[in-house]
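Notes to accompany the following structure.
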Amino acid sequence: MEIREATIDDAETIRGIYLQAFGRAEAEKVAEVAIKLLKQTHPVKTISLVAKQNEAIVGHVAFSPVFLANTGNQLGYILAPLAVAPNSQSNGIGSSLVRHGLEILSNTGSFMIFVYGDPAYYSRFGFSTELARGFIAPYPLQFPEGWHALRLNSADFAGGKISCIDALNDPALW
Ligand SMILES: CC(C)(COP(=O)(O)OP(=O)(O)OC[C@H]1O[C@@H](n2cnc3c(N)ncnc32)[C@H](O)[C@@H]1OP(=O)(O)O)[C@@H](O)C(=O)NCCC(=O)NCCS
């Protein structure tokens with residue numbers, strides 16, 4: 001398996017992965033977010049990665065920047081979205097995408113990394129719901145137990161309300 005940065009040419013393949021991996025109700029919306037993140041022009045770069053196996057793209061993840069809402073200073077990144085094509089799941093591809101992204105970010109600074117998802121999955125990477133408590137998500141959470149944070153390189157931020165870039169600025173995603 002190979003992991004590389006996604007390009008705009010991967011957009012339709014990435015959309016296909018989300019349409020297969022997510023339930024009908026949310027698939028289109030999450031696919032749209034993945035593609036918007038691929039095209040975003042915010043000065044702080046979003047990391048979009050794809051996993052390739054046997055010449056086919058089978059997984060995608062994005063890490064986009066987040067900021068302290070009151071100062072605008074960058075806190076770190078949020079991991080969203082993540083998907084692996086159903087036929088390729090449970091082979092370590094999702095974990096490799098997450099770990100690869102965390103390694104890239106850990107080589108560039110001391111960041112808080114956030115994710116809103118299943119604790120049973122994200123705790124394996126060191127994400128903690130307890131650590132996330134001091135950080136208020138941009139919108140009220142429908143599933144507060146899914147709000148996680150991880151400190152990279154002993155990032156030293158006390159907490160506060162966070163803001164995200166346009167692609168994730170939709171209350172329906174939270
Ligand atoms: C979640 C997802 C990205 C994991 O990718 P993957 O390549 O299958 O993951 P890995 O092979 O690295 O890890 C597989 C493990 O994750 C577990 N797992 C998969 N999805 C999970 C979920 N939603 N919650 C908890 N555990 C999950 C599997 O049971 C397996 O457990 P094991 O290691 O104890 O056997 C993939 O299942 C997927 O695309 N799911 C649908 C989309 C989705 O829910 N994305 C957001 C995740 S919050």
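Ligands are counted one by one from 1 in listed order, and the atoms in each one are counted from 1 as well.
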*Could you tell me whether Asp10 and Arg4 make a salt bridge, using a distance below 4.0 angstrom between a side-chain N and a carboxylate O?*
yes
*Do Arg151 and Asp156 meet the salt-bridge criterion of a basic N to acidic O distance under 4.0 Å?*
no
*Between Phe67 and His42, how do the two ring planes meet: parallel, tilted or perpendicular, split at 30° and 60°?*
tilted
*Name the one of Phe127, Tyr122, Trp174, Trp147 that satisfies ring-ring contact (aromatic ring centres under 6.0 Å, His included) with Phe114?*
Trp147
*Would you indicate whether Asn54, at its atom CG, is surrounded by more than 12 heavy atoms from other residues, nucleotides or ligands within a distance under 6.0 Å?*
no
_Other residues, nucleotides, ligands: >12 heavy atoms within 6.0 Å of Glu145 CD_ = yes
_Amino acids in close contact with ligand 1, where any non-hydrogen atom sits under 4.0 angstrom away_ = Ala21, Phe22, Leu82, Ala83, Val84, Gln89, Ser90, Asn91, Gly92, Ile93, Gly94, Ser95, Gly117, Asp118, Ala120, Tyr121, Tyr122, Arg124
